[in-house]
Amino acid sequence: NEFFFSKKELKEYEDELELPLNFSLIQSTSKTSFTKNKEWKLERMQSIVDHFSEINWIQIGLSSEPRLKNCIYKLDLDLRKLAFVIFKCDFLVTYEGLFNHLASSFNKKNFLIHTGFLPIEAFNYSNNIVIEANSKMKCYPCYDIHCESHTEDCLKNLTVDLVINKIKNNL
C-alpha cells in the first residue's frame, strides 16, 4: 500500500493536529458491525496503556467508541488526517482493519492483535508484529460471524500477559 501527502498537507496537518514529538497509537475496540469475533475487550486494551504508561498514547477511531484512559484523543479524523497521524507515530497497537492497512503504507511497526476470525494471510504485512494464540483455538480461522466458542477461546488463550510481553520484547 502507498499513501502520499502534498507539502501543503504536511504543513497544514502538522499545525492543526498538534501532535507530541513522540507518540504511539492505539484503538479501543474493533469494528463490531460485521462480527464481534474480532474483539479482544476494552479493559485489555486499557491494560496495554496502563502497563506502558511512559508512552504518549493517542487513541484513534470514532468518538462513538469507548475511550481509553490516559490517552490523547484524535477521533473522527478524515482519512488523510488519520493517515498523517499514522505516518508520524512511533508504532501502533491495532486490530485487523483500516489502521493496519494504513500502517503498511508507511511501514510503521504495528502490534496487531489477531483474534483468529480471519487467517493471518489476509492482512499480514511485513510491518506487523502479529500477536496471537490461534493454534489453541478450536475454530481457527473462524469465519463464523456468530461462533459460540470463538470469543471465549480467544480471551482464554490470548492473555494480557502474552500481549504485553510480545510488545515489550519488540520495542
Side-chain angles (χ1 to χ4, degrees), residues 1-7 9-10 12-14 16-17 19-20 22-42 44-46 48-49 52 55-68 71-134 137 139-145 147 150-151 154 158 162-163 166-167 170-171:
N1 297 321
E2 293 182 305
F3 205 103
F4 301 96
F5 300 103
S6 69
K7 289 180 182 177
E9 284 176 311
L10 289 170
E12 179 183 318
Y13 298 156
E14 190 75 44
E16 179 184 335
L17 293 169
L19 299 170
N22 294 97
F23 64 92
S24 296
L25 302 175
I26 192 164
Q27 67 182 121
S28 66
T29 59
S30 68
K31 181 179 175 185
T32 57
S33 58
F34 178 66
T35 181
K36 293 184 183 346
N37 287 342
K38 292 183 179 183
E39 186 61 39
W40 189 60
K41 300 289 184 197
L42 176 69
R44 290 173 174 226
M45 296 303 268
Q46 184 64 58
I48 295 169
V49 172
F52 297 99
I55 292 173
N56 286 322
W57 288 103
I58 294 181
Q59 180 179 330
I60 52 175
L62 301 174
S63 57
S64 59
E65 296 169 347
R67 291 188 181 199
L68 296 165
C71 290
I72 299 165
Y73 307 106
K74 297 295 180 184
L75 306 170
D76 301 324
L77 296 174
D78 67 41
L79 182 61
R80 297 197 67 77
K81 288 177 187 171
L82 174 62
F84 179 79
V85 171
I86 291 172
F87 169 67
K88 296 294 280 187
C89 79
D90 295 329
F91 68 87
L92 303 87
V93 177
T94 71
Y95 293 102
E96 181 278 319
L98 174 64
F99 306 139
N100 170 54
H101 299 300
L102 279 175
S104 74
S105 299
F106 308 111
N107 201 33
K108 285 293 176 174
K109 184 182 290 189
N110 181 37
F111 294 98
L112 190 135
I113 311 260
H114 181 216
T115 60
F117 179 71
L118 296 173
I120 195 169
E121 294 80 12
F123 51 81
N124 192 24
Y125 300 110
S126 62
N127 61 299
N128 284 340
I129 297 169
V130 178
I131 306 172
E132 54 89 20
N134 296 321
M137 293 179 67
C139 65
Y140 175 71
C142 187
Y143 297 114
D144 186 350
I145 298 171
C147 180
H150 185 88
T151 300
C154 175
L158 190 56
L162 186 149
V163 172
K166 186 81 170 201
I167 294 170
N170 287 280
L171 280 180

Do Asn22 and Asn56 pair up side chain to side chain, a donor and an acceptor below 3.5 Å, judged on atom types alone? no
Cationic tip of Arg80 above Tyr13 ring, under 6.0 Å, 45° of axis: no
Side-chain heavy atoms of Leu25 within contact of Val93, under 4.5 Å: no
Would Val49 and Ile26 count as a side-chain contact (heavy atoms from CB on, under 4.5 Å) here? Give the steps. CA-CA 8 Å; Val49 172; Ile26 192 164; 3.9 Å; yes
Check for a donor-acceptor pair, side chain of Asn170 on one end and backbone N or O of Lys166 on the other, with a separation under 3.5 Å. yes
Have Ser63 and Asp76 got a donor and an acceptor in their side chains that come within less than 3.5 Å? yes
Here the gap from Leu102 atom CG to Leu79 atom CG, rounded to the nearest 0.5 Å, amounts to 5.5 Å
For Leu17 and Lys74, the nearest pair of non-hydrogen atoms, with its separation, is O-NZ, 2.6 Å
Would a 4.5 Å heavy-atom cut-off, applied to side chains only, mark Arg67 and Leu75 as touching? yes
For the residue pair Tyr125 and His101, confirm or rule out a side-chain donor-acceptor distance under 3.5 Å. yes
Report yes or no: do Asn110 and Asn127 form a side-chain donor-acceptor pair below 3.5 Å? no
Could you give me the CA-CA distance, side-chain angles and deciding distance for Lys81 and Glu9, then say whether salt bridge (Lys or Arg N to Asp or Glu O under 4.0 Å) is met? CA-CA 9 Å; Lys81 288 177 187 171; Glu9 284 176 311; over 6 Å; no
Separation between CZ (Phe52) and CH2 (Trp57), nearest 0.5 Å, reads 7.0 Å
Step by step, work out the side-chain contact (heavy atoms from CB on, under 4.5 Å) result for Asn107 and Ser126. CA-CA 8 Å; Asn107 201 33; Ser126 62; 3.9 Å; yes
Only one of Phe111, Phe106, Phe23, Phe99 passes ring-ring contact (aromatic ring centres under 6.0 Å, His included) with Phe91; say which it is. Phe111
Could you tell me the separation between the CD atom of Glu16 and the CG atom of Leu77, rounded to the nearest 0.5 Å? 8.5 Å
Restricting to non-hydrogen atoms, name the atom on Ala83 and the atom on Phe5 that form the minimum distance, rounded to 0.1 Å. C-CZ, 3.7 Å
How long is the span from the NZ atom in Lys108 to the CD1 atom in Ile86, to the nearest 0.5 Å? 10.0 Å
Please answer whether the main-chain N or O of Leu19 pairs with a side-chain N or O of Lys88 as donor and acceptor at a distance below 3.5 Å. no
Let's go through Ile167 and Ile131 carefully: what are the C-alpha distance in whole Å and the side-chain angles of both, what is the deciding distance for side-chain contact (heavy atoms from CB on, under 4.5 Å) to 0.1 Å, and is it a yes or a no? CA-CA 9 Å; Ile167 294 170; Ile131 306 172; 3.9 Å; yes
Gln59 side-chain N/O to Cys71 backbone N/O, donor-acceptor pair under 3.5 Å: no
With distance as the sole test, does Ser28 use its side chain to make a donor-acceptor pair with the main-chain N or O of Leu68 at under 3.5 Å? no
Do the side chain of Arg44 and the main chain of Val163 share a donor and acceptor less than 3.5 angstrom apart? no
Any sub-3.5 Å donor-acceptor pair from Trp40's side-chain atoms to His114's backbone N or O? no
As an exercise, state the distance from CZ of Phe123 to CG of Asn100, rounded to the nearest 0.5 Å. 7.0 Å
Before giving the answer on side-chain contact (heavy atoms from CB on, under 4.5 Å), spell out for Ile129 and Lys109 the whole-Å C-alpha distance, their side-chain angles and the decisive distance to 0.1 Å. CA-CA 7 Å; Ile129 297 169; Lys109 184 182 290 189; 3.7 Å; yes
Nearest 0.5 Å, please: how far is CD1 in Ile113 from OG1 in Thr94? 8.0 Å
pair Met45-Thr29: side-chain heavy atoms closer than 4.5 Å: no
